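Below is one structure, written out as structure tokens; comments come after it.
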Amino acid sequence: MILSGITKKYGETKALDGVTCEIAEGKITAVLGESGAGKSTLLSVISGLISYEGEIDGVSGAHVRRRERCAYLFQDPKLLPNLTVEENLRFVLPKERWNAIGAMLARVKLDGKEMRRPGALSGGERQRVAIARAFLFPHELLLMDEPFSSLDLALKKSLIELVQSLWEEQKNTVVFVTHDVREASLLSHRALVLKRGKIVLSLAAERPFPRDFFTSSPEEERLVRALTEGEE
Amino acid sequence: MKGNRRKNLLFSVFAVAVLWLAWVLAYFAVGNDYLLPSFSETMRTAGGLLAERTFWNSFLNTLLRTLLSFAVSLAAGVGFALLARLFASVRAFFAPVISLLRTVPTMAFILVLLLWTSPSFAPIIVTLLVLFPAVYAMALSAFDETYSEFGPLVLSYGVSKPRQALKMYLPLGASSLLSQSGSVLSMGLKITVSGEVLSSAYRSLGWLMQNAKMNIDMPRLLALTLVTVLAGFVLEGICALAAKGARRRLS
């Protein structure tokens with residue numbers, strides 16, 4: 001997917017300012033940036049939820065259309081409290097995917113909890129349901145908007161490992177927004193640093209998964225530098 | 001938590017005591033039983049009402065009118081609010097209609113409807129016309145709240161509108177709707193009685209009140225008012241219980 005000169009304005013403020021980059025197919029691309037850098041706006045542009053100036057794959061933002069086959073993993077699991085785990089998955093999945101629910105729930109270690117409501121699950125379990133939902137949904141693109149940011153360290157580690165292993169099975173295209181350098185280096189093949197709506201660094205990290213959670217990677221220092229340069 | 005509940009109950013009892021004291025003071029200040037009867041006499045008359053067949057007939061007729069209007073306005077209000085949440089054009093269509101219904105004085109509705117319909121039917125339509133915009137606004141706000149939380153989910157996953165309506169908006173809005181419908185229902189009772197007073201709908205609380213007024217029977221008039229207020233409280237309580245049940249189901 002090639003993004004050329006993507007600009008998004010909210011009034012006079014430019015949330016994205018001529019972003020040009022390539023999202024590699026079958027890879028995980030992390031978009032790093034501080035709050036207000038334009039990360040979530042970029043996800044909304046890619047998913048076709050908002051209009052923009054510029055082009056994606058040669059299609060102008062003036063003809064924006066919601067992507068049909070796009071899964072989304074949010075910061076908050078967004079599970080309907082009135083539905084059970086299984087019903088939550090059925091809610092978004094097409095009927096032909098319903099028979100895969102059991103296997104996926106076992107895969108994310110939630111077997112036996114199909115009939116529980118979100119209120120009866122822990123925070124980590126709820127996010128597992130959301131991960132299962134995203135990977136079960138027949139998608140060509142998975143967008144993740146800071147899905148680990150509100151989790152404690154142990155939970156973050158286990159969920160990052162889960163996403164790594166699910167990605168290994170599907171090898172799908174993922175765009176992953178985060179403000180955490182460690183998350184980006186653990187879970188991406190390329191990290192883009194977004195600053196005031198512009199990409200200031202694009203850094204490849206092709207080491208194979210699983211990556212060691214406790215060892216800092218060589219690219220982390222460059223990412224931190226790019227994020228903090230010019231800041232007090 | 002328990003302490004807070006006890007404290008709140010104490011404040012409620014205190015409020016009732018203040019109202020009672022105001023009545024007693026007003027009674028002595030007015031000093032005329034025809035204009036303002038004593039509290040005890042009003043209570044005695046209210047007790048006597050409960051033994052009257054005419055009262056029960058009238059009470060049930062009024063209650064039936066209120067419930068019928070409420071049911072229709074609930075179905076229409078929730079249904080149209082759901083459509084308004086799902087389709088921007090429906091929302092735009094209803095915006096001026098709701099504003100109009102809200103601003104037209106209730107008395108104007110009653111007077112016009114008295115010319116167009118029968119005295120026993122007019123209060124139903126009036127209540128419906130008053131309750132519908134209230135229920136519509138209440139439901140739309142509940143659905144908007146649900147959308148603000150789950151809108152990104154249904155948009156990005158492309159969940160069909162019927163599925164959104166049945167699995168998301170209606171069940172999640174139910175608890176908020178039920179908790180607010182108590183006040184709408186008691187307001188409905190108030191409007192129905194007003195309509196009945198003006199239309200003199202035969203065998204209704206309004207009709208009884210009108211008769212009491214014509215006979216300058218103040219204890220009876222106030223007793224009927226007291227019964228209406230109590231009935232409103234009971235209806236609100238039932239709705240609050242139903243809302244509590246719905247919330248428990250969600251947790």
Side-chain angles (χ1 to χ4, degrees), chain A residues 40-41 43-50 64-84 86-95 97-98 116-121 126 129-130 132-147 175 177, chain B residues 1 74 78-79 81-82 85-89 91-92 138-181 239-251:
Chain A
S40 298
T41 304
L43 280 197
S44 298
V45 162
I46 292 171
S47 60
L49 290 178
I50 56 171
V64 64
R65 223 162 50 84
R66 185 178 63 79
R67 276 175 192 272
E68 292 296 328
R69 299 172 71 80
C70 181
Y72 220 110
L73 188 54
F74 304 91
Q75 183 177 347
D76 143 41
K78 296 211 182 297
L79 302 177
L80 299 182
N82 54 315
L83 302 182
T84 63
E86 189 171 339
E87 286 167 343
N88 261 289
L89 298 185
R90 287 182 180 206
F91 179 65
V92 303
L93 295 174
K95 274 197 175 138
R97 298 291 289 157
W98 287 8
R116 291 209 186 162
R117 291 233 171 98
L121 299 176
R126 283 199 283 267
V129 179
R133 179 175 64 193
F135 277 90
L136 261 179
F137 187 75
H139 59 273
E140 56 192 30
L141 181 65
L142 168 60
L143 304 174
M144 305 201 296
D145 192 358
E146 307 197 34
V175 181
V177 156
Chain B
M1 185 87 171
L74 189 71
V78 170
L82 190 58
R85 176 59 261 170
L86 294 171
F87 303 99
S89 50
R91 195 184 192 113
M138 190 173 85
L140 192 56
S141 139
F143 296 149
D144 282 346
E145 202 178 302
T146 301
Y147 178 81
S148 69
E149 199 177 345
F150 296 104
L153 175 81
V154 293
L155 273 181
S156 56
Y157 282 95
V159 179
S160 70
K161 286 187 181 352
R163 208 185 275 188
Q164 287 179 37
L166 294 173
K167 299 279 181 186
M168 189 175 84
Y169 287 121
L170 288 175
L172 290 182
S175 140
S176 153
L177 276 172
L178 279 170
S179 61
Q180 291 179 65
S181 54
C239 287
L241 278 177
K244 204 171 167 186
R247 268 196 299 274
R248 200 172 294 154
R249 262 185 66 86
L250 286 181
S251 60

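All of these numbers come straight from a predicted model, not from anything done at the bench. Lettering of chains follows the sequences in order, A, B, ..., and the numbering in each one begins at 1.
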Could you give the distance from CG (A:Leu73) to OG (B:Ser156), rounded to the nearest 0.5 Å? 10.0 Å
Identify the two heavy atoms, one from B:Glu149 and one from A:Lys78, that lie closest to each other, and give their separation to 0.1 Å. O-NZ, 3.0 Å
Okay, A:Leu143 and chain B: the region with an atom under 4.5 Å from a heavy atom over there is neither
State, to 0.1 Å, how close B:Lys167 and A:Asn82 come at their nearest heavy-atom pair, and which atoms those are. O-ND2, 2.9 Å
What is the minimum heavy-atom distance between B:Phe150 and A:Pro81, and which atoms define it? CZ-CD, 3.9 Å
Chain B contact via A:Leu80 - side chain, backbone, both or neither, heavy atoms under 4.5 Å: both
Quick check: closest heavy atoms across A:Phe91 and B:Leu153, and the distance to 0.1 Å? CE2-CD2, 4.2 Å
All heavy atoms of A:Tyr72 vs all of B:Tyr157, minimum pair found to be O-OH, 2.6 Å
Where A:Arg90 and B:Arg163 come nearest, the two heavy atoms and their spacing: O-NH1, 2.6 Å
